[in-house]
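Quick notes on the structure that follows.
Along the sequence shown, residues carry numbers from 1.
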Amino acid sequence: MSFSKALFSEKLQPVIRENVILAEYSTFQIGGPADLFAEPDNIEDLILLIAEAKQQAIPSFILGGGSNTLFHDNGFRGLIIHPNLKKIEINGENIRAESSIPVAQLLQKAIASNLAGMEGWIGLPGSVGGAIRGNAGASGVETKDLLESAEIFDQQTGKIEKKFTKELDFDYRDSIFKKNPTLIILAGTWKFHKVEDAKAMQATMTEILKKRNQTQPKGKSAGCIFKNPAPGISAGKLIDESGCKNVQKGDIQISSVHGNFFLNHGKGTQKDALELIHETQKIVKQKTGYDLHTEIEMLPENPF
């Protein structure tokens, strides 16, 4: 079953496109056509899209930066909502950023204002909304350490609410948003601390970026495929030690640089990626005893 934008109100129809190739919106560059694809640039249209899709029983998915998303080869039978909410403002030592702001832009805004705390995130892909949802982190600093509050649309109550970090059930690469998909992230307020001179921050970022460029592969990927199975235990190292480097299914290959990165060498498919994921999990379990759990979001063609 497929869906047409004619099912939506005349107000929303200009915002919606049909048969959009999802590979173009994923850093893995995998995915067929979505029936419907919308990029609302204001909160009012976003909420209306969600409400009308629900009313028409049309499956919907909120897409962020696409840096950890694996779409189906046949696409998505429903509506992909790719918000374009990009307001950002500084208030003292805090920065409020709407959910579509790239993490890189938030970091640049902080550095330009001599606001420290996020330097370890240099080079991280994705959006503010995605970082909050997955409790993203790097260099020992996670979203929960930097976020003061989030503005949320609750589909069950129909209200916009502000929730503080302690209310968001943050855990390693997890949050309340993964447990409760009816909560939609609209914006986040991030806390920093002021420094007199940005030179030390710049030096830290230069060093981190240098190391990251040496240890993280270039190419089309979804970032880290697996969560680390325990504190101090690296999924990438377990994959390396299990002899899985360079293992390949179709055009999807485990990187020779970092075992937790799967690279799409051209025409990789979700089927290839899933086969490689399952094989890697099986081998690592046999060789090390550890269970690897995926960090990426994997969408089926038909959500129902």
Worked check of side chain to side chain donor-acceptor pair (under 3.5 Å) between E52 and S9: CA-CA 8 Å; E52 291 194 17; S9 64; 2.8 Å; yes
Q.
Would you say I81 ends up clustered with F8 if hydrophobic residues are merged whenever their side chains have heavy atoms under 4.5 Å apart, either directly or through other cluster members?
A. yes
Heavy-atom closest pair (E119 atom, T204 atom, distance to 0.1 Å) is CB-CG2, 4.3 Å
Hey, are the side chains of E89 and I95 touching, using non-hydrogen atoms and a 4.5 Å cut-off?
no
Scanning both residues in full, the closest heavy-atom pair of D171 with N135 reads O-ND2, 2.7 Å
Rounded to the nearest 0.5 angstrom, the CD-CD distance for Q270 and E275 is 11.0 Å
The reported gap from CG in N228 to CG in N260 (rounded to nearest 0.5 angstrom) is 7.0 Å
(message) Once you measure the plane-to-plane angle for W190 and W121, does it fall in the parallel (<30°), tilted (30-60°) or perpendicular (>60°) bin?
(response) perpendicular
Q) Given the rule that I, L, V, M, F, W and Y join up when any side-chain heavy atoms are under 4.5 Å apart, are I111 and I101 in one cluster? A) yes
Checklist entry - How about K11: does its NZ atom have over 12 heavy atoms from other parts shown lying under 6.0 Å from it? => result yes
Here the pair of heavy atoms bringing A273 nearest to I252 is N-CG1, 4.0 Å
- prompt: If two hydrophobic side chains count as joined below 4.5 Å and joins carry through other members, does L274 share a cluster with L22?
  reply: no
Between the CG atom in L70 and the CZ atom in F262, the distance rounded to the nearest 0.5 Å is 10.5 Å
query: Heavy-atom count around K159 NZ within 6.0 Å, excluding the residue itself: above 12?
result: no
Tell me, yes or no, whether the heavy-atom count around E10 atom CD, taken from other residues, nucleotides or ligands under 6.0 Å, exceeds 12. no
In short, F226 meets I239 closest at the heavy-atom pair CD1-CD1, 3.7 Å
Side-chain contact, heavy-atom cut-off 4.5 Å: E241 with K287? no
| said: For K166, is the NZ atom crowded, meaning more than 12 foreign heavy atoms sit under 6.0 Å from it? | reply: no
- Query: Mind checking whether E98 and I43 have side chains closer than 4.5 Å, heavy atoms only?
  - Reply: yes
Tell me whether the count of non-hydrogen atoms from other residues, nucleotides or ligands lying under 6.0 Å of NZ in K194 goes above 12. yes
Nearest heavy-atom approach of L168 to K163 is CD2-CB, 3.8 Å
Determine, using the 4.5 Å side-chain heavy-atom cutoff (strictly less than), whether I132 and F153 are members of one ILVMFWY cluster. no
### Task
Please work out which of the three classes, parallel, tilted or perpendicular, describes the rings of F37 and H82, given edges at 30° and 60°.
tilted
| Hey, is OH on Y172 packed in by over 12 heavy atoms from elsewhere, all under 6.0 Å? | yes
How about N94 and N91: does a side-chain donor come under 3.5 Å of a side-chain acceptor? no
Rounding to 0.5 Å, atoms CD (E39) and OH (Y25) come to a distance of 4.5 Å
Taken to the nearest 0.5 Å, the spacing of M118 CE from L124 CG works out to 9.0 Å
Is it the case that one hydrophobic cluster holds both I80 and V15, taking links as side-chain heavy atoms less than 4.5 Å apart, direct or via other members?
no
